[in-house]
Amino acid sequence: MIEALQFDFMRNALLAGLLISVACGIVGTFVVTKRIVFLSGSIAHAAYGGIGLGYFLGFNPLLGAFAFSLAAAVGMSAIQRRARERSDTLIGALWAIGMAVGIILIDLSGGYKADLMSYLFGSILMIPQEDLWLLLALDLGIMLLVWLFYKELVALSFDETFSTVQNIPVGKIHTLLVTMTALTVVMMMRMVGLIMVIALLTMPAAISGQFAKSLKKMMVLASILGALFILSGLWLSYWLNLTSGACIILVAGVSYLASLAIKNLI
Amino acid sequence: MIEALQFDFMRNALLAGLLISVACGIVGTFVVTKRIVFLSGSIAHAAYGGIGLGYFLGFNPLLGAFAFSLAAAVGMSAIQRRARERSDTLIGALWAIGMAVGIILIDLSGGYKADLMSYLFGSILMIPQEDLWLLLALDLGIMLLVWLFYKELVALSFDETFSTVQNIPVGKIHTLLVTMTALTVVMMMRMVGLIMVIALLTMPAAISGQFAKSLKKMMVLASILGALFILSGLWLSYWLNLTSGACIILVAGVSYLASLAIKNLI
Amino acid sequence: MKGKVAGLFLFFSLIIFVLLSPIAGWASQEEKLLVAASILPQRYFIERIADQKVQIEIMVPPGANPATYEPKPSQLVSLSRASLYFAIGVPFEKAYLGRFFQINKNMVVVDTSEGISKIPISSIHDLTNGENGKSHGHEHSQGELDPHIWLSPRLVKIQAQNIQRALSSADPQNTKSYQKNLKRFLKELDELDEEIRGKLSETKGKKFMVFHPSWGYFARDYGLDMIPIEVEGSEPSAAELAKIISIAQKEKIRIIITQPEFPSRSAKVIAQEVGCRVVPISPLAPNWRENLLLLGDTLAEALKDNSREETKP
Amino acid sequence: MKQKVISLKGVWAGYGNNNVIEDINFSVKKGDFVGIIGPNGGGKSTLLKVILGLITPYKGEVKVMGLPPEEGREFVGWVPQESDMDRDFPIKVLDVVLMGRMGRKKLLRSYSKEDKNKASEALEMVGLQNIAQKPIGEISLGQRQRVYIARALAKDPEILLLDEPLASVDPNTSEVIYGLLKDLNESSAITIVMVTHDVGAVSSYVKSVGCLNRKLYYYDEKTLTQGMIDAAYHCPVDLIAHGVPHRVLPKINQEETKR
Amino acid sequence: MKQKVISLKGVWAGYGNNNVIEDINFSVKKGDFVGIIGPNGGGKSTLLKVILGLITPYKGEVKVMGLPPEEGREFVGWVPQESDMDRDFPIKVLDVVLMGRMGRKKLLRSYSKEDKNKASEALEMVGLQNIAQKPIGEISLGQRQRVYIARALAKDPEILLLDEPLASVDPNTSEVIYGLLKDLNESSAITIVMVTHDVGAVSSYVKSVGCLNRKLYYYDEKTLTQGMIDAAYHCPVDLIAHGVPHRVLPKINQEETKR
Ligand SMILES: Nc1ncnc2c1ncn2[C@@H]1O[C@H](COP(=O)(O)OP(=O)(O)OP(=O)(O)O)[C@@H](O)[C@H]1O
Ligand SMILES: Nc1ncnc2c1ncn2[C@@H]1O[C@H](COP(=O)(O)OP(=O)(O)OP(=O)(O)O)[C@@H](O)[C@H]1O
Ligand SMILES: [Mg+2]
Ligand SMILES: [Mg+2]
Ligand SMILES: [Zn+2]
């Protein structure tokens with residue numbers, strides 16, 4: 001492994017892994033406790049609508065994906081609060097509609113399409129240096145927001161009606177949470193691929209949730225676990241020459257299943 | 001539209017639409033009320049693991065996808081009941097692990113790979129005649145199972161602890177429900193594509209759930225709505241020369257949003 | 001508490017296991033020139049010219065799906081050390097070349113399509129010319145150029161020269177050898193061109209269908225007419241499918257060439273309506289020469305059948 | 001001697017590794033009407049869950065109708081203190097009550113006319129016949145609690161386990177339902193175990209009483225006194241068990257000598 | 001005259017197009033202790049939700065501390081009859097109580113030492129100091145209800161709206177908490193509106209009483225009588241309103257003449 005560190009891409013991957021695990025640990029804790037894992041998968045596919053829009057109107061599709069995901073997240077959060085609809089139904093609808101809009105817009109804009117999805121997906125081994133700064137900014141942004149609105153975020157996730165009565169700006173905090181999730185998903189998806197984002201959002205937080213008794217501890221433990229998974233997954237992938245993303249996910253997955261087994265045996 | 005009916009593929013598409021909307025209406029009603037929409041998205045991706053396994057061990061990848069999805073569904077249902085884990089976390093993990101296993105197995109199996117993902121996705125216009133019989137069998141199977149176990153399925157979805165105390169075989173019924181969902185998703189995904197499966201599972205059932213006050217009515221209404229969406233979507237797609245799947249989803253999506261608006265205005 | 005300890009134990013044992021594992025041997029250095037390229041047929045071209053003197057890394061396996069595509073560590077290790085990247089202009093490069101360049105900024109990207117004048121990619125709209133009110137398709141398709149330049153022996157000659165030039169400037173000691181190999185390869189290409197021409201001499205002007213319009217240059221070179229099913233990269237819509245079926249019936253299409261990388265459901269649907277054969281032939285096959293010959297044979301046979309049945313001249 | 005319909009021997013139970021009830025020895029005979037009182041967190045709901053087989057005890061033996069609880073619960077009607085049910089579920093009050101008619105025996109069969117009649121009757125007993133067709137999500141908490149009672153009654157059970165069944169029910173209806181329970185107990189010999197904080201009801205309706213606070217103090221006759229209540233609510237259990245003098249103990253002794 | 005802290009004028013409210021409470025005219029002055037009784041489904045919880053601004057009335061005007069309810073609830077501590085809270089959430093009892101200290105004013109600031117002290121005190125008041133560090137999902141229902149009370153008390157409210165706060169709380173603790181409420185009301189002039197089915201408590205602690213059954217019958221002094229209760233629970237509202245003779249009306253009159 002030491003020899004692997006001579007390569008820039010490996011060093012970047014390790015660094016990126018550390019940065020990613022912080023964001024995923026924090027956001028993932030909310031995602032798991034507020035039960036919006038599905039949202040992360042959905043945002044990614046809704047982003048496709050943005051790519052279509054970018055193509056159709058002739059601006060950068062990635063920008064479109066970004067804007068569309070955020071808009072979808074905010075819109076969904078508004079509808080959910082207004083209509084009191086089951087959130088997973090709404091998220092499923094968002095997923096399908098986002099993709100459909102994308103497909104139709106791309107249809108309409110004509111021209112030969114390269115595989116547009118490839119704009120959305122990346123690999124941890126191919127993270128450009130600049131993106132590391134972006135990741136750092138994301139981490140700092142998330143940490144700042146969570147630090148500033150920690151008690152409101154907790155209250156909202158725990159008991160929405162009571163939060164309303166306490167005059168917490170529930171709508172805004174909800175939007176903040178969903179936006180933070182969407183931002184993390186869209187940015188990371190581009191860097192490490194969608195499946196890995198979902199894996200890193202859910203599994204470290206779920207494992208740490210089995211042992212941590214408070215949200216703060218859960219976040220810290222989830223971040224540490226995420227970093228461990230990424231490091232050992234990278235190791236494994238280098239050693240066995242297998243796809244890194246899949247290795248990282250498998251390490252996380254095996255640990256998650258093991259933690260479930262352990263929790264049930266004791 | 002009439003002129004379109006001279007083509008076999010169009011006739012097949014219409015027939016398939018009717019058959020699909022029945023299965024989706026019935027299964028979708030449970031999916032929406034039991035809040036397992038995410039499961040449908042996840043099963044589809046977990047199926048990728050089965051494709052990898054098929055490649056690796058040298059049997060038909062589609063068979064692998066089928067077996068893997070069902071195994072994943074049953075396994076997940078068992079873990080969830082044993083470990084009392086938040087279901088969406090578990091489903092997210094299933095999604096990621098399934099994909100990762102698939103990627104690694106395909107990595108390991110070497111040789112020439114087709115685009116395996118595209119094996120999983122189809123289009124309603126390209127349903128072979130034989131598949132219509134399969135769909136019919138699925139419809140009949142689902143109707144029979146739901147008819148036989150209707151009250152148990154309802155009780156389980158409504159109140160699991162009480163169902164246990166009533167000595168309903170909760171584990172088996174839960175597995176039945178999840179398996180039925182997985183079967184529907186995997187079969188339809190291959191025929192009409194994943195996004196359309198998710199759209200047809202959620203949106204007709206969600207709309208009908210806003211008006212129907214009982215599960216049975218919800219199923220019937222959802223099936224009718226599904227058929228309407230498919231017919232009008234197909235017609236629209238023929239008329240405007242757009243991708244059929246996306247049109248169907250958009251019709252369903254617009255109707256869904258409209259129904260939310262109507263429900264909130266009255 | 002017990003759980004926490006057990007959990008941590010698990011992770012650490014995993015890490016220690018990995019740490020103690022033998023370091024892999026695949027990353028061993030060789031003193032050969034390392035070059036990277038996008039697709040498998042390029043390996044054939046480079047090998048013909050470099051003849052064991054370079055190590056080649058192909059970045060995209062056929063059928064790679066953007067949702068799951070991820071290079072392996074070994075590929076990136078090679079890429080980090082590569083001196084040259086032979087780009088060919090496939091859409092994949094648009095999304096990934098930038099990222100590859102990030103990994104190895106010293107790598108020289110060689111555009112092997114230099115000097116080739118590409119033709120517009122053919123589309124179903126070329127045949128129907130916007131009679132359906134969807135006129136934009138035609139306009140746009142003029143801008144889109146066909147990237148499948150590796151499927152014409154004549155164009156490969158130009159690419160081969162580009163490859164030789166780049167190899168020579170990166171590795172001047174072996175220039176002589178590269179030039180010699182190029183000469184031999186160009187001769188082989190001429191022979192191949194002749195061979196295929198011979199096979200297809202009686203099928204001039206005949207039409208065949210393909211799913212993905214990969215064989216545009218091939219068809220042009222050998223006087224065939226290719227009708228694609230795919231419309232600008234996506235599956236045809238209902239109306240388009242109907243139109244394609246009518247065309248196929250009118251033109252008495254006898255064969256549809258599909259790609260094994262992609263399922264050919266729409267091809268099967270059309271074949272069912274028209275009653276013709278569906279033959280999968282990959283444009284990305286690694287044994288490039290045999291693959292082109294196979295296509296030549298297949299088309300010759302299918303289209304000859306066709307001509308025999310036709311009564312009109 | 002009458003048949004023992006519930007019997008617990010040396011039962012220890014709890015959640016995870018947190019032991020909640022200790023060494024419970026408790027048996028209920030056919031036709032009994034047992035009231036169980038005790039402080040919040042004393043383990044009353046846990047005890048009922050053990051009897052229903054929802055919690056497997058760490059130690060000890062549980063029998064219901066002479067069977068293991070998983071089978072014995074066939075004959076038990078249960079009113080939970082709080083329910084897992086999904087309030088957004090599109091189901092009518094009457095259909096919820098109908099679920100009380102369901103059991104392993106009737107897999108594959110749909111509800112009969114008789115089932116429906118029983119459900120309607122049960123709903124009438126708790127005074128909710130007028131909201132039978134309302135969706136379950138649109139009724140008040142007290143009404144919902146009455147629906148649970150109806151659901152348990154619809155089962156035609158041999159044993160009723162009630163976990164604070166009337167906590168949010170209005171006093172007039174409460175009285176009707178208490179009367180109903182008394183009637184069921186006396187005329188149909190249905191065995192009833194009721195957890196409650198309503199000490200008044202305990203004195204008026206039940207035949208025997210148990211105080212649960214980690215351990216169970218069971219009085220086989222109806223001998224509820226202020227002293228006993230105080231003892232169960234206030235005393236460190238050991239004090240009582242070891243007979244150490246205590247403010248309220250004399251009262252208990254007084255009462256016990258009466259027996 | 002004392003300040004009106006809650007005032008409802010001609011309020012009609014309900015869910016969707018199902019009207020639940022009609023023409024409510026109701027005002028509470030600073031320092032009042034109002035008990036609200038009524039049958040299940042009478043609309044008591046709905047009334048509290050209207051006062052909290054959780055339900056927008058169809059008609060009529062609601063003021064809390066002279067403000068619209070969305071702002072006035074700043075000063076209100078609320079104990080819900082049932083809570084939306086997520087029991088699987090990893091949070092300790094003390095942290096739940098701390099949430100009572102949160103409000104719009106304190107956005108961006110984290111809990112101060114004072115907040116934490118208040119929360120601990122509130123927890124002590126309801127007798128739960130020993131389970132402060134337990135996860136919220138691992139306590140009994142009665143304990144949870146006491147946590148809600150503590151959460152409302154921690155807010156230091158001007159007004160307490162309690163919706164059957166002691167329904168599952170054991171009688172000893174209930175008495176302590178009733179005493180506490182009485183004390184808060186008398187010494188700190190905190191206004192209390194309590195919905196309850198505990199008629200005994202109404203007679204012993206509250207100062208005035210309202211009977212709600214679609215309409216509100218409000219008695220500005222503490223004049224709860226069996227007759228009034230019967231009237232609210234049993235009578236078709238119109239009968240009472242129009243003074244038509246009725247089984248229980250004479251009793252009310254009897255009692256009222258005593259005043
Ligand atoms: N979410 C809801 N949707 C529709 N109707 C509702 C809803 N909640 C309550 N109702 C209806 O409103 C009426 C009053 O309900 P409310 O909860 O205010 O009663 P309550 O007086 O608090 O009763 P309880 O003593 O049982 O708590 C009931 O008839 C009920 O059916
Ligand atoms: N799900 C749970 N996980 C862990 N501990 C629990 C759980 N439920 C209850 N407990 C603990 O078990 C003890 C007994 O709880 P139980 O619900 O049986 O009390 P109870 O006597 O029914 O109280 P109440 O009068 O409040 O209903 C409590 O101390 C509580 O903290
Ligand atoms: Mg209890
Ligand atoms: Mg209420
Ligand atoms: Zn191509």
Side-chain angles (χ1 to χ4, degrees), chain A residues 1-4 6-10 12 103 106-131 193-195 207 210-211 225 228-229 231-232 234-246 251 254-255 258-259 262-263 265-266, chain C residues 1-4 6-7 10-12 14-15 17-19 21-24 26-27 64-77 79-81 90-92 94-96 98-100 102-105 121 123 125 134 136-141 143-147 231-234 237:
Chain A
M1 192 63 186
I2 304 303
E3 128 223 8
Q6 67 183 283
F7 297 107
D8 267 355
F9 76 87
M10 218 49 195
N12 280 359
I103 290 172
I106 289 167
D107 246 27
L108 285 179
S109 52
Y112 199 86
K113 298 113 206 167
D115 228 326
L116 295 178
M117 278 300 248
S118 60
Y119 277 102
L120 280 179
F121 297 109
S123 149
I124 192 169
L125 294 182
M126 293 195 292
I127 295 183
Q129 200 99 40
E130 311 89 75
D131 281 11
L194 173 64
I195 346 165
I207 298 172
Q210 278 160 19
F211 304 108
L225 285 176
L228 275 181
F229 294 155
L231 294 191
S232 42
L234 275 175
W235 228 292
L236 212 66
S237 106
Y238 190 83
W239 174 43
L240 299 174
N241 192 24
L242 292 171
T243 313
S244 325
V251 171
V254 169
S255 311
S259 83
I262 288 168
K263 188 191 161 206
L265 288 181
I266 56 167
Chain C
M1 198 55 222
K2 232 195 300 172
K4 209 180 276 181
L10 188 93
F11 303 135
F12 284 119
L14 188 83
I15 285 168
F17 164 73
V18 173
L19 265 176
S21 61
I23 295 300
W26 49 261
N65 179 296
T68 57
Y69 172 72
E70 212 190 325
K72 292 183 200 166
S74 63
Q75 285 179 306
L76 290 180
V77 166
L79 196 72
S80 307
R81 294 185 179 136
V90 284
F92 163 88
K94 240 198 237 169
Y96 284 95
R99 297 188 203 188
F100 292 162
Q102 285 287 339
I103 285 169
N104 179 355
K105 296 205 171 71
I121 199 157
S123 148
H125 299 306
K134 192 181 171 181
H136 63 266
H138 187 71
E139 293 151 24
H140 279 268
S141 65
E144 298 293 338
L145 297 175
D146 189 347
V231 182
E232 292 169 340
S234 25
S237 68

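Fair warning: this is a prediction, and the values are worked out from it, not measured in the lab. Values reported hereafter were calculated over all heavy atoms of this structure, with side chains retained and with hydrogens, waters and symmetry mates removed. Convention: sequence-line order gives letters A, B, ...; per-chain numbering from 1.
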Nearest-0.5 Å distance that lies between atom CG in A:Leu125 and atom CD in C:Gln75
10.0 Å
Distance (rounded to the nearest 0.5 Å) between C:Gln102 CD and A:Met126 CE
11.0 Å
Interface residue of largest heavy-atom contact number with chain A, from C:Ile103, C:Asn104, C:Leu76, under 4.5 Å:
C:Leu76
As a quick check of understanding, evaluate side-chain contact (heavy atoms from CB on, under 4.5 Å) for C:Arg81 and A:Phe7, giving each step before the final call.
CA-CA 9 Å; C:Arg81 294 185 179 136; A:Phe7 297 107; 3.3 Å; yes
Please classify the contact between A:Glu130 and chain C as side chain, backbone, both or neither, with a heavy-atom cut-off of under 4.5 Å.
side chain
Could you report the tightest heavy-atom contact between C:Glu70 and A:Thr243, atom names first, then the distance?
OE1-CG2, 3.1 Å
Can you list everything that forms a side chain to side chain donor-acceptor pair (under 3.5 Å) with C:Asp146? Sequence neighbours excluded, please.
C:His148
